[in-house]
There are 2 protein chains.
Amino acid sequence: MTKAPVSDPRRTLTLRDVSEASGVSEMTVSRVLRNRGDVSVATRERVLEAARNLGYVPNKIAGALASQRVNLVGVIIPSLSNMVFPEVLAGVSDTLDDTGLQPVVGVTNYSPEREEQVIYEMLSWRPSGMIVAGLEHTEASRAMLAQAGIPIVEIMDIDGEAVDSAVGISHRRAGRQMAEAIIAAGYRKIAFLGTMMPHDHRARKRLQGFEEALAKAGLKLVDQEFYSGGSALLKGREMTEAVLKRSPDVDFLYYSNDMIGAGGLLYCLAQGIDVPGRIGLAGFNGVELLDGLPRRLATMDACRLEIGRRAAEIIAGKHEGVIGGEVIELFPTLQPGDTIRKV
Amino acid sequence: MTKAPVSDPRRTLTLRDVSEASGVSEMTVSRVLRNRGDVSVATRERVLEAARNLGYVPNKIAGALASQRVNLVGVIIPSLSNMVFPEVLAGVSDTLDDTGLQPVVGVTNYSPEREEQVIYEMLSWRPSGMIVAGLEHTEASRAMLAQAGIPIVEIMDIDGEAVDSAVGISHRRAGRQMAEAIIAAGYRKIAFLGTMMPHDHRARKRLQGFEEALAKAGLKLVDQEFYSGGSALLKGREMTEAVLKRSPDVDFLYYSNDMIGAGGLLYCLAQGIDVPGRIGLAGFNGVELLDGLPRRLATMDACRLEIGRRAAEIIAGKHEGVIGGEVIELFPTLQPGDTIRKV
DNA sequence: CGAGGGGCTGTTAGCGGTAACATAGCCGAT
DNA sequence: ATCGGCTATGTTACCGCTAACAGCCCCTCG
């Protein structure tokens, strides 16, 4: 049974209430609740009991203001609706869990202006660090991050200049690598299918690297197709159909992500097309979903979990005093699956 | 005292810095930056310019403490790694965007203890409202929510007792409805495939409703299979294989979510099984992914976007003074797709 | 037996804003 | 000229908590 000792039961409780209920000073209560400093066992028990009975929940706003310390880490990502960012988040949470730090997520929907707002909003809560997806930001965003006086980690990508630290892979290199593998397997009429979003810089860089490697082999894309919005799986299907109709002689389809790749794969299988003999396929990300498909789509793991972990480690580390912007490059592994011919 | 604003460039700025730079009082700066009260155009311009030049970012911690107002709404969900909760979130964000309120997400991983921690943590930031998935919480969680003195909306489910308000569907009814449709289509040997998680109360309730309806028709489940962890699509495939091996005479497979249903569908198609003639299939959620599958899986839309929207509306509304716990029931529509025989 | 040192608790002064009220001009109406 | 009322700005007192320091008590040790 919870007792309602106060005259106004709806008033939110403060340290003072606990202090009065337990007969010690507010300071002692504060010490008990934060486990800081020496408090006798008897007092501690008494305070804890009082706090529990009252249902006291500390006010972190006041605490943060007084101590100039906030246990929050801002994590800013473009989207929650594809499986890649939640996995990064999982990595961040994993690592942060042991540190007393707590992630707070902001979503930008791939809009630089929105990102600027979210960063501003986030910084106004004075977090202990920020993890931001990508290296491309508005001038104002970069300035805010740089001036914030907290560790900043830009993640996913390392092809560009970081404000402070960075953890990611080279998407240009990833695109190149995939192209090389495809060419080595003997494919020559290669098409690209991807997202239309002009702000998906990483997809853009993969395509760049991909085309570079093609060019080096004296090839160029035979066709391309872009989409935006809708069910990625369905779009992959539709785009694949469109490309195959338009360019019947293509022998490889490179997708900018696994989801549309999976759609393409299902389409090809349904059409009875010989994969990877007549046509090869590849995606990007290494999402778990691929495990359940009738055939393994070739892909590259984007190191999402690892990126989240390393980013969080940097924040947690600096939090304890380390300094200096470091750039950590991770190396994705190519998973050839069953949709590229064996050489 | 360190009152020299220029001496330490890394010191974070305060209202005082802007006030000194623009030659007005802190109060006036505060008014300008919040667009509150009358300030002359000239002064406003001067202040804004100074703030911009300095790169001042307001300290919401101090602001919130002083004004006893926080524009945050806690949203607590079990997981980010299936597509259902991100969509709820999208609905919440949509609606909140127009209100000056901002969602802050907490993830519990389906653990009641973790949920309790997250709620505590959240409440300690004194948000303007809380949206929590589900009606099942620890005693302490319910107590905290009830005492918080802010609007609480429990979402997704309405089969149970709400702390304050609730928006959701009846999962029991949903299960019942699906069972009725299946029975009406003539299926009789029905199996259930679902998640093992003991804390997925909504899946549990659907199964209960499902079995109730079966019982009413004099039927009971012929077989069941549970999983936990891993790629849901793959698990769906594996479980389906297991069930079909073990109980070759089943004629319907009811899945607790679309993802494993999709895996099952792909498996059946690959095996050349006549769907929906020989075997019927159904899932739950109505996820977008289904659009891209070779055949439309029967499912029920869980009204995720709508739930998020309505929940946010309640918070935003109460924020403006409305009172009283309301329960809003939404009604999912059964989408028969192509995996249930037409009657 | 007094000094020195812990262990434990209390006191004071903010942290950086904002609510509420006070004040200084300036105007037109009386 | 007096007054009231308005606009634009400043002053004061906190918001709820914690850092830093100040005590007090009791024990140990030379």
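In this structure, the CD1 atom of B:Ile61 is 10 Å from the C1' atom of C:dG16, given to the nearest Å. To the nearest angstrom, P of C:dT11 lies 11 Å from CZ of A:Arg16. Separating the CZ atom of B:Arg126 from the C1' atom of D:dC17 is a distance of 11 Å, rounded to the nearest angstrom. Atom-to-atom, CG of B:Leu65 to C1' of D:dT18 comes out at 12 Å; the value is rounded to the nearest Å. If you measure from atom CG of A:Leu33 to atom C1' of D:dC17, you get 11 Å, rounded to the nearest angstrom. To the nearest angstrom, C1' of D:dC14 lies 14 Å from CG of A:Asn59. The separation between A:Leu13 atom CG and D:dC17 atom P is 9 Å, rounded to whole Å. Atom-to-atom, CG of A:Asp17 to P of D:dG16 comes out at 10 Å; the value is rounded to the nearest Å.
Distances shown here put a side-chain N or O of A:Arg69 below 4.0 Å from the OP1 or OP2 atom of D:dA19. OP1 or OP2 of C:dT18 has at least one side-chain nitrogen or oxygen of B:Arg34 nearer than 4.0 Å. For C:dG17, one of the phosphate oxygens OP1 or OP2 lies less than 4.0 angstrom from a side-chain nitrogen or oxygen of B:Tyr56. Between D:dG16 and B:Gln68, a contact under 4.0 Å exists linking OP1 or OP2 to a side-chain N or O.
Of the two residues contacting DNA chain D, namely A:Ser30 and B:Ala62, the nearest-nucleotide position lying further toward the 5' end is that of B:Ala62.
Each end of the helix from C:dC1-D:dG30 to C:dT30-D:dA1 yields a helix axis from five base pairs, and these two axes differ in direction by 50° (to the nearest 10 degrees).
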Identify the pairs formed between an N or O of the protein and an N or O of nucleotides 9-11 of chain D at a distance under 3.5 Å, and give each distance.
unit_1: D:dT9; atom_1: OP1; unit_2: B:Ser40; atom_2: OG; d: 3.3
unit_1: D:dT9; atom_1: OP1; unit_2: B:Thr43; atom_2: OG1; d: 2.5
unit_1: D:dT9; atom_1: OP2; unit_2: B:Ser40; atom_2: N; d: 2.9
unit_1: D:dT9; atom_1: OP2; unit_2: B:Ser40; atom_2: OG; d: 3.4
unit_1: D:dT9; atom_1: OP2; unit_2: B:Thr43; atom_2: OG1; d: 3.4
unit_1: D:dG10; atom_1: OP2; unit_2: B:Ser25; atom_2: N; d: 2.7
unit_1: D:dG10; atom_1: OP2; unit_2: B:Ser25; atom_2: OG; d: 2.7
unit_1: D:dG10; atom_1: OP2; unit_2: B:Thr28; atom_2: OG1; d: 2.9
unit_1: D:dG10; atom_1: N7; unit_2: B:Arg31; atom_2: NH2; d: 2.8
unit_1: D:dG10; atom_1: O6; unit_2: B:Arg31; atom_2: NH1; d: 3.4
unit_1: D:dG10; atom_1: O6; unit_2: B:Arg31; atom_2: NH2; d: 3.3

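No side-chain donor-acceptor contact under 3.5 Å links B:Ser124 to the backbone of A:Asn59. A donor-acceptor contact shorter than 3.5 Å is absent between the side chain of A:Asn109 and the backbone of A:Ser111. No donor-acceptor pair closer than 3.5 Å links the side chain of B:Ser128 to the backbone N or O of B:Val73. Side chain of A:Glu154 to main chain of A:Val163: a donor-acceptor pair is present (N/O by atom type, distance under 3.5 Å, no hydrogens or angles). In this structure, B:Asp157 contributes its side chain and B:Arg202 its backbone to no donor-acceptor pair below 3.5 Å.
Taking a 6.0 Å sphere around CD of B:Glu49, one finds it holds 12 or fewer heavy atoms contributed by other residues, nucleotides or ligands. Summarising the local packing, CZ of A:Arg16 is surrounded by 12 or fewer heavy atoms from other residues, nucleotides or ligands at distances under 6.0 Å.
The closest side-chain heavy-atom distance from A:Ser22 to A:Val29 is below 4.5 Å.
Sorted by first and then second residue, the pairs that involve residues 113-130 of chain A and meet salt bridge (charged side-chain N to carboxylate O under 4.0 Å, His left out), not counting sequence neighbours, are A:Arg114-B:Asp97, A:Glu121-B:Lys60.
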